[in-house]
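What follows is a set of notes on a single structure, which appears directly below.
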2 protein chains.
Amino acid sequence: MNMMTVTRKIPEHQAVYERVRDMILLGMFSPGEALTIQGLASRLEVGVTPVREAIRRLTAEQALETLGNRRVAVPEMTAGRLEEIYFLRMHVEPELTQRAAKNISSQQVVDLREIDRQIDEAIALGDPEAYLERNNLFHFTIYRLAGSAILFRTVQSLWVQAGPALRVVCGRYGTANLPDKHSTLMDALERGDGPAAAQSLREDLEQGLDLVRESIRVD
Amino acid sequence: MNMMTVTRKIPEHQAVYERVRDMILLGMFSPGEALTIQGLASRLEVGVTPVREAIRRLTAEQALETLGNRRVAVPEMTAGRLEEIYFLRMHVEPELTQRAAKNISSQQVVDLREIDRQIDEAIALGDPEAYLERNNLFHFTIYRLAGSAILFRTVQSLWVQAGPALRVVCGRYGTANLPDKHSTLMDALERGDGPAAAQSLREDLEQGLDLVRESIRVD
DNA sequence: TTCCGGAATTTTTGATCAAAAGTTTGACAA
DNA sequence: TTGTCAAACTTTTGATCAAAAATTCCGGAA
């Protein structure tokens, strides 16, 4: 048995997985960009073995696609892929939000409002990096409160898949007209009104979808 | 360029991944059972490296869970997990079925009817292995026709997660009262009636869910 | 020029080894 | 008997190497 609650040192492959996933999530690779194991290994200054394992996880999550010839790449966003991703998001994320509304504390609402303030700040400053990072934190803070591990990880995978395309949108149109349905969402969460929270989220998603759709059409 | 369509030799880690996934899918491990990399490697008569990569993919798909202490195990089925899995299945699988209804050919309907006959045979013979294998083939043959890669892989992951619990159900109650909503489903597919096909599938899923719910409650 | 073929280079893949981490066993004390 | 502790054993992990596979590069033919 293990008496103390020890801070377990996480394995390198796990750390590498998280780093690369966050890099994809924040759009640090362009859609279509090919990744090499060795390239990542030298870039991240780690051995090649942990990178291999991280890559396998990311391909399993469809964050990367295998190119047949033993290579992996960030998938190109197509209209079909986009619709599939948002089909799922549109079903799962409102549900998670609704579940979160049952569990949220008033302190957590305060914290969320602070994160939302930082989002608005990032939009005002035109800082897409910060926007994506804070927006991600905002939503996943809520989703974690739902206490639904399987739905949570499914949504995580969907965000990673959408990440590169989202980044392109921000780069192309700037942060000026990015959606902010967050205040009505938080009002609903504060009252513990699950259905209303879910509805706000649907609208938030719909807005995001429209932006990406537009950006796809242009290509 | 590559003129000929060559039969590319798949890497070992890919083959191992598929083998272990199918083993989980067919319930060859019990819920809660711990798996070791070395154990799998010697059991499958392969090296340890490919097994490691396969394990990473399977944990990413939530087919296996990491036990904190660097070990992996087949997750125990809980009421909460079950509801989450079926929440997703209930949204995604009818959609895939509906999409498939648009694309299916009459020859493919004939093939499906043959698979369904084999399912009935397996039920009659009380052969859970064959039942699970053929039932899997039946549904995924349909899902593949939808031509929706992301939804397809999401459902694949959900089936692997449900696999061990399904196997327990078959083992406990036998194959006698297993659902067969397949004939109405195929009639709908044959007419290209997407909504009706989706509805049959919902009923099929509901029946399966009830069975597993029952088996969880007993534990 | 463009296209083809093959050498040179790079990358992936799987085995193997040593170190780190985790589990089991068994002796010994209470 | 029960509980504790350390030694023995097993497993995971990450680096490294050789072989296989893929890509790039380059010279020569059309």
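Just so it is clear: chains get the letters A, B, ... in the order the sequence lines come, proteins before strands, and each one is counted from 1. Fair warning: this is a prediction, and the values are worked out from it, not measured in the lab.
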Side chain of Pro50(B) (C-beta onward), nearest among dA15(C), dT12(D), dT13(C):
dA15(C)
Among dG14(C), dA22(D), dT12(D), the one nearest any side-chain atom of Arg70(B) is dT12(D)
Of Gly47(B) and Gly39(A), whose nearest nucleotide on DNA chain C comes first from the 5' end?
Gly39(A)
Does Arg71(A) reach a base, just sugar-phosphate, or nothing at all? Heavy atoms under 4.0 Å.
sugar-phosphate
Report the distance from atom NZ of Lys9(B) to atom C1' of dT13(C), rounded to the nearest whole Å.
10 Å
Spacing between Glu53(A) atom CD and dT13(D) atom P, to the nearest angstrom:
7 Å
Option from Glu61(B), Glu53(B), Arg56(B) for which side-chain hydrogen bond (donor to acceptor under 3.5 Å, both in side chains) with Tyr17(B) holds:
Glu61(B)
Quick one: do the Arg57(A) and Gln14(A) side chains pair a donor with an acceptor below 3.5 Å?
yes
Between Gln161(B) and Ser157(B), is a side-chain hydrogen bond (donor to acceptor under 3.5 Å, both in side chains) present by the stated rule, with each step listed?
CA-CA 6 Å; Gln161(B) 292 180 63; Ser157(B) 152; 3.1 Å; yes
Looking at every strand, decide which applies to Val46(B) at a 4.0 Å heavy-atom threshold: base, sugar-phosphate, or nothing.
nothing
To the nearest angstrom, how far is Gln14(B) atom CD from dA21(D) atom C1'?
16 Å
In whole angstrom, what separates Leu67(A)'s CG from dT12(C)'s P?
12 Å
Rounded to whole angstrom units, what separation is found between the CD1 atom of Ile37(B) and the C1' atom of dA21(C)?
13 Å
Here's one to test your reading of the geometry: is the NZ or CZ of Arg89(B) within 45 degrees of the ring axis of Trp159(B) and under 6.0 Å from its centre?
yes
When we call it a touch if two heavy atoms are under 4.0 Å apart, what does Thr49(B) touch: a base, just sugar-phosphate, or nothing?
base
Under 4.0 Å, counting only non-hydrogen atoms across every strand here, what does Gln38(B) touch: a base, just sugar-phosphate, or nothing?
base
Output the single nucleotide from dT23(C), dT16(C), dA22(D) whose closest atom is nearest the side chain of Val48(B).
dT16(C)
Tell me the interatomic distance from Ile55(A), atom CD1, to dT13(C), atom P, rounded to whole angstroms.
10 Å
